[in-house]
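One structure below.
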Amino acid sequence: MQGRAYPTLAGATRIWARIGLLSFGGPAGQIALMHRILVEEQRWLGEKRFLHALNYCMLLPGPEAMQLAVYIGWLMHRTLGGIIAGVLFVLPGVVAIMALSWIYALYGNIGPVDALFFGLKAAVLAIVVQAVIRIGSRALKNSAMIAIAAASFVAIFGFAVPFPLIILIAGLVGFLGARSDLPAFQDGGGHGKVGKLQVDDADTLLGEETPDHTQIKRGWAFRISSVFLVLWLAPVALLFAALGPANVFAQIASFFSVMAVVTFGGAYAVLAYVAQEAVQNYGWLAPGEMLDGLGMAETTPGPLIMVTQFVGFMGAFRDASGLSPLIAGTLGGLLTTWVTFTPCFLWIFLGAPFIERLRDNAVLTAALTAITAAVVGVILNLAVWFGLHVIFDEVRTLTAFGLDLDVPIWSTVNLAAAALVLAALVAVFHVKLGPVTVLAGCAVAGVVLGLAGIA
């Protein structure tokens, strides 16, 4: 692109800091923000390259928006550019969630604070329902995709099939469907157009050519993967060796390290898995507290998956292992963030050069399409699970014939919560208010109901 200087690393750092501070609204909002700033305003790269990077970041485990930032940072300024982009995308959320976790741990049971989170739960439920419909409208394009979504919902909600296994099977179905030339798996997947303004690659700073540093170099790939593997797994190994596998810090490190490898499908799908494990298996927090954490992540900048920092904080806070609970919680939250996001850099730096050569790969695209369809069912499970615990004060588990169902105790319905959820759904779908506005309105409503003695 003639007439414009290539941005310096310092100039790019200021852009990434701006993106990090403005990245509210979940993955869709964050991707749209990056498109507006990087494609439409700065014209660093064009539509085709942006969508290519985005669609293949969706194939990776972990938060796709954060990985997209790392990918573009790497395209522009090599490894250091990718590290700066990823760190600045996450850092504001790390600080905000940690501050809110301290407040929650110290004052969460005080009336006004409790009432505020009561309101946030209703808004979060409405936003998750919106995510089901938004992703479903894009992903469920034929009967095969609908069947995959339905099967994934039944598997996780009715039979407690692990989320990673559901995603693995869905990807395999998509792969085999494409290899068999079945029409249902030939329509493509991933994201379509993101922004209002579509920019040609030729009219951007990167242009249409592949930068020299993106060429596949085995030595570089080995060195960078070794560094990030050590940064990721060495703390996990040290915690196991020093504290033993039963210690809460070792459990946090191992669980979220496994999550970083197997959680495909976006933030809401990941949260279904985290909620299932952290609440039901580890007992780190209660179902309502998982919703409180998601409310924090929805109202602060950064990836929604930052809610995992709150989960790690509360897990260590309640099992401090001889430390001050607040210090233990802080260390648990930071440990969670480290093992959640460090692998993201590994996936991008190791895989990005290959990804740049995998344009229009039909088999991988079909696997992505099937995974996205399965994610719709997983997020529907999350919405139903959250809904049961928001609207009803008591839920029991029904086990029979291989089923493992959460069912409500109808006499414990919370009418105030149900009314607030209904109002949030109207605000999202009929009035079409943004997520931050809905969250703020429900929080205020929760405080008012709490002061009135209703919530």
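Since this is a predicted model, take the numbers as computed values, not measurements.
- Taking CD1 of Ile84 as the start and CG of Leu9 as the end, the distance is 4.0 Å to the nearest 0.5 Å.
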Exercise for the section: Evaluate side-chain contact (heavy atoms from CB on, under 4.5 Å) for Ile19 paired with Leu88, printing each intermediate quantity in order. Expected result: CA-CA 8 Å; Ile19 289 172; Leu88 290 179; over 6 Å; no
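- For the pair Gln130 and Ile133, the minimum side-chain heavy-atom distance is 4.5 Å or more.
- Atom CZ of Phe392 is separated from atom OG of Ser411 by 9.5 Å, given to the nearest 0.5 angstrom.
- Annotation: the span from Met76 atom CE to Gln42 atom CD amounts to 9.0 Å, rounded to 0.5 Å.
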Handout entry: side-chain contact (heavy atoms from CB on, under 4.5 Å) evaluation trace for Val128 with Leu294
Key = CA-CA 10 Å; Val128 173; Leu294 185 52; 4.2 Å; yes
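- Considering all non-hydrogen atoms of both residues, Pro92 and Leu21 come closest at CG-CD2, 4.0 Å.
- Here Leu291 contributes atom CG and Phe386 contributes atom CZ; the two are 4.5 Å apart, rounded to the nearest 0.5 Å.
- Using a 4.5 Å heavy-atom cutoff, the side chains of Leu75 and Arg49 are in contact.
- For the residue pair Val90 and Met306, the shortest heavy atom distance occurs at CG1-SD, 3.9 Å.
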Practice task
Begin from the C-alpha positions of Val413 and Ile391 and carry the test side-chain contact (heavy atoms from CB on, under 4.5 Å) through to its verdict.
Solution key: CA-CA 6 Å; Val413 63; Ile391 298 173; 3.9 Å; yes
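- Proximity of a side-chain donor or acceptor of Ser23 to a complementary backbone N or O of Gly302 within less than 3.5 Å is detected.
- Applying the side chain to side chain donor-acceptor pair (under 3.5 Å) criterion to Asn247, with sequence neighbours excluded, gives Ser321.
- Listed here is the closest heavy atom pair of Ala65 and Gln30: CB-OE1, 3.5 Å.
- The side-chain hydrogen bond (donor to acceptor under 3.5 Å, both in side chains) analysis of residues 153-165, with sequence neighbours excluded, yields no pairs.
- For the residue pair Leu388 and Val395, the shortest heavy atom distance occurs at O-CG2, 3.7 Å.
- By the 30° and 60° cut-offs, the orientation of the rings of His389 relative to Trp385 is tilted.
- Within a 6.0 Å sphere centred on CZ of Phe429, heavy atoms belonging to other residues, nucleotides or ligands number more than 12.
- Residues satisfying the side chain to side chain donor-acceptor pair (under 3.5 Å) criterion with Thr330, sequence neighbours excluded, are Trp102.
- Atom CD1 of Ile371 and atom CG of Leu172 lie 10.0 Å apart (nearest 0.5 Å).
- Contact detail for Phe341 and Ile305: the closest heavy-atom pair is CZ-CG2, 3.4 Å.
- Considering only heavy atoms from C-beta on, Val384 comes within 4.5 Å of Phe153 through its side chain.
- Scanning both residues, Ser152 and Val378, for their nearest heavy atoms gives OG-N, 3.8 Å.
- For the pair Thr340 and Gln309, the minimum side-chain heavy-atom distance is 4.5 Å or more.
- With sequence neighbours excluded, no residue forms a side chain to side chain donor-acceptor pair (under 3.5 Å) with Gln280.
- Ile252 is listed as a side-chain neighbour of Trp284, based on a closest heavy-atom distance under 4.5 Å.
- Thr299 is linked by a side chain to side chain donor-acceptor pair (under 3.5 Å) to nothing, counting only residues two or more places apart in sequence or in another chain.
- A distance of 8.5 Å separates CD1 of Ile103 from CG of Leu106, quoted to the nearest 0.5 Å.
- The main-chain N or O of Cys57 is never found under 3.5 Å from a side-chain atom of Glu64 such that the two would form a donor-acceptor pair.
- Put simply, the side chain of Ser101 never gets that close to the backbone of Phe313: no donor and acceptor are under 3.5 Å apart.
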Problem - Derivation and outcome, side-chain contact (heavy atoms from CB on, under 4.5 Å), residues Met34 and Trp16 - result: CA-CA 9 Å; Met34 279 191 279; Trp16 289 118; 4.2 Å; yes
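- Contact annotation: the side chain of Glu47 approaches that of His35 to within less than 4.5 Å [non-hydrogen atoms, C-beta and beyond].
- Proximity of Pro112 to Tyr107: side-chain heavy atoms (C-beta onward) are nowhere separated by under 4.5 Å.
- Annotation: Phe310 is in aromatic contact with Tyr104 [ring centroid separation under 6.0 Å].
- Pairs passing the salt bridge (Lys or Arg N to Asp or Glu O under 4.0 Å) check and including a residue from residues 271-296, sequence neighbours excluded, read Lys121-Asp292, Glu289-Arg318.
- No side-chain heavy atom of Thr336 sits under 4.5 Å from any side-chain heavy atom of Val311.
- Considering Val438, Leu304, Val307 as possible partners of Glu298, the one that fulfils the side-chain contact (heavy atoms from CB on, under 4.5 Å) test is Leu304.
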